[in-house]
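Read the numbers this way: they start at 1 and go in the same order the structure lists the ligands and their atoms.
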Amino acid sequence: MNDCIFCKIIAGEIPSRKKYEDDEIVIFEDIEPKANVHLLCVPKDHFAYLTELNDRRAEMLGRTFSKIASLAPSFGLEKGYRLIVNQGDDAGQTVKHLHIHIMGGQELPF
Ligand code: 5GP
Ligand code: ZN
């Protein structure tokens, strides 16, 4: 059984404040925002680490970065934003389903 919290959000089994969805990704608000705008971009394909990339996933991530760039102004990120991909314990990765933090809406103090 898959008890991944992001897979459950993707499946609609756990509620989230979705901002965007297509056949490859979903973008929703982080439940504990650490910036004025703090979104999570999550591929629908469940994998945890960049070491699990293959050609198909790498191409999907390429399209994902383009999509984030084109959507950013609609998220209130006209003045810039930061993308973070935590990998593993030292980075504090708590959810083992690859995700891109999208942060901004303010001058980031770190
Ligand atoms: P990580 O530390 O793994 O890079 O980031 C996981 C992020 O997921 C955290 O910022 C945390 O606040 C967020 N998060 C954890 N559980 C949920 C949830 O159920 N819903 C939403 N929207 N965000 C969550
Ligand atoms: Zn998952």
Undergrad: Relative to each other, are the rings of Phe6 and His97 parallel, tilted or perpendicular (30° and 60° limits)?
TA: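 The arrangement is perpendicular - the two ring planes meet at more than 60°.
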Undergrad: What do the steps show when you test Leu50 against Gln87 for side-chain contact (heavy atoms from CB on, under 4.5 Å), and what is the final call?
TA: CA-CA 8 Å; Leu50 293 169; Gln87 289 285 279; 3.6 Å; yes
Undergrad: Looking at ligand 1, is there an atom of it that comes within less than 4.0 Å of some heavy atom belonging to Val85?
TA: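 So Val85 does not count as touching ligand 1.
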Undergrad: Could you walk me through whether Asp89 and Lys96 pass the salt bridge (charged side-chain N to carboxylate O under 4.0 Å, His left out) check?
TA: CA-CA 10 Å; Asp89 293 338; Lys96 306 301 196 244; 3.6 Å; yes
Undergrad: For the 3.5 Å polar cut-off, considering only N or O atoms, please tell me whether Gly92 and ligand 1 meet it.
TA: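 So ligand 1 has an N or O lying under 3.5 Å from an N or O of Gly92.
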Undergrad: Taking distance alone, with N or O pairs closer than 3.5 Å, would you say Ile5 contacts ligand 1?
TA: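 The answer is no, given that Ile5 and ligand 1 share no N or O pair closer than 3.5 Å.
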Undergrad: Within a distance under 4.0 Å of any heavy atom of Glu32, pick out the atoms of ligand 1 and give their elements.
TA: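 Listed by number with element, the hits are 12 (O).
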Undergrad: Considering only the protein, which heavy-atom contact is closest to atom 9 (C) of ligand 1, and what is its distance?
TA: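 That would be Asp30 OD2, 3.3 Å.
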Undergrad: Have a look at ligand 1 and work out which part of Ile84, if any, has a heavy atom under 4.0 Å from it: side chain, backbone, both or neither.
TA: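 The answer is neither; Ile84 stays 4.0 Å or more away.
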Undergrad: Check His97 and report its N/O/S atom nearest to the Zn ion (ligand 2), by atom name.
TA: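 It is ND1 of His97.
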Undergrad: Could you identify the single nearest non-hydrogen protein atom to atom 17 (C) of ligand 1 and state the distance to 0.1 Å?
TA: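 So the nearest neighbour among protein heavy atoms is Ile31 CG2, 3.8 Å.
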Undergrad: Considering the heavy atoms of Phe28, write down every atom of ligand 1 situated less than 4.0 Å from one of them.
TA: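 What qualifies from ligand 1 is 21 (C), 22 (N).
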Undergrad: Taking only heavy atoms of Leu40 into account, list the atoms of ligand 1 that are under 4.0 Å away from them.
TA: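 It comes down to these atoms of ligand 1: 8 (O), 13 (C), 23 (N).
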Undergrad: With the 4.5 Å side-chain cut-off for hydrophobic clustering, are Phe28 and Val95 part of the same group?
TA: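 Phe28 clusters together with Val95.
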Undergrad: Tell me whether ligand 1 is touched by His99 - counting only heavy atoms on the residue side and a distance under 4.0 Å.
TA: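 A heavy atom of His99 does come that close to ligand 1.
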Undergrad: Are the side chains of Ile102 and Ile68 in contact, using a 4.5 Å heavy-atom criterion?
TA: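 Answer yes - side chains close enough.
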Undergrad: What protein heavy atom lies closest to atom 3 (O) of ligand 1? Include the residue and the distance to one decimal.
TA: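 Scanning the protein heavy atoms, the shortest distance from atom 3 (O) of ligand 1 goes to Thr94 N, 2.7 Å.
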Undergrad: Do NZ/NE/NH1/NH2 and the carboxylate oxygens of Arg56 and Asp45 come within less than 4.0 Å?
TA: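 A salt bridge is present here (some side-chain N lies under 4.0 Å from a carboxylate O).
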Undergrad: If the cut-off is 4.0 Å to any non-hydrogen atom of Phe6, which atoms of ligand 1 fall inside it?
TA: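 Here the atoms of ligand 1 in question are 8 (O).
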Undergrad: Only heavy atoms of Lys34, strictly under 4.0 Å: list the atoms of ligand 1 that pass.
TA: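 Going through ligand 1 atom by atom, the ones under 4.0 Å from Lys34 are 10 (O), 12 (O).
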Undergrad: Taking a hydrophobic cluster as the set of Ile, Leu, Val, Met, Phe, Trp and Tyr residues connected by side-chain heavy atoms closer than 4.5 Å, whether directly or through intermediates, do Ile9 and Ile100 fall within one such cluster?
TA: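 No, it is not one cluster - the side chains of Ile9 and Ile100 are not joined through contacts under 4.5 Å.
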Undergrad: With heavy atoms of His101 as the reference, note each atom of ligand 1 found under 4.0 Å away.
TA: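 Counting from 1, the qualifying ligand atoms are 1 (P), 4 (O), 5 (O), 7 (C), 10 (O).
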Undergrad: Considering just N/O/S atoms, say which atom of His46 is closest to the Zn ion (ligand 2).
TA: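 In His46, the N, O or S atom with the shortest distance to the Zn ion (ligand 2) is ND1.
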Undergrad: Are Tyr49 and Leu61 linked, directly or through other ILVMFWY residues, by side chains that come within less than 4.5 angstrom of each other?
TA: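 No, it is not one cluster - the side chains of Tyr49 and Leu61 are not joined through contacts under 4.5 Å.
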Undergrad: Could you identify the single nearest non-hydrogen protein atom to atom 22 (N) of ligand 1 and state the distance to 0.1 Å?
TA: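 Result: Glu29 O, 2.9 Å.
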Undergrad: Should Glu21 and Ile25 count as side-chain neighbours, where that means a heavy-atom distance under 4.5 Å?
TA: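 In short, these two side chains do not touch, never coming nearer than 4.5 Å.
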Undergrad: If hydrophobic clusters are built by linking Ile, Leu, Val, Met, Phe, Trp and Tyr wherever their side-chain heavy atoms come under 4.5 Å apart, do Ile84 and Tyr81 end up in the same one?
TA: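 Looking at the clustering, Tyr81 is in a separate group from Ile84.
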Undergrad: Is Glu29 paired with Arg17 through a side-chain N to carboxylate O contact shorter than 4.0 Å?
TA: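 So Arg17 pairs with Glu29 through a salt bridge.
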Undergrad: If you count the atoms of ligand 1 from 1 in the order shown, which ones are under 4.0 Å from a heavy atom of Asn86?
TA: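 Counting atoms of ligand 1 from 1, those under 4.0 Å from Asn86 are 1 (P), 2 (O), 4 (O).
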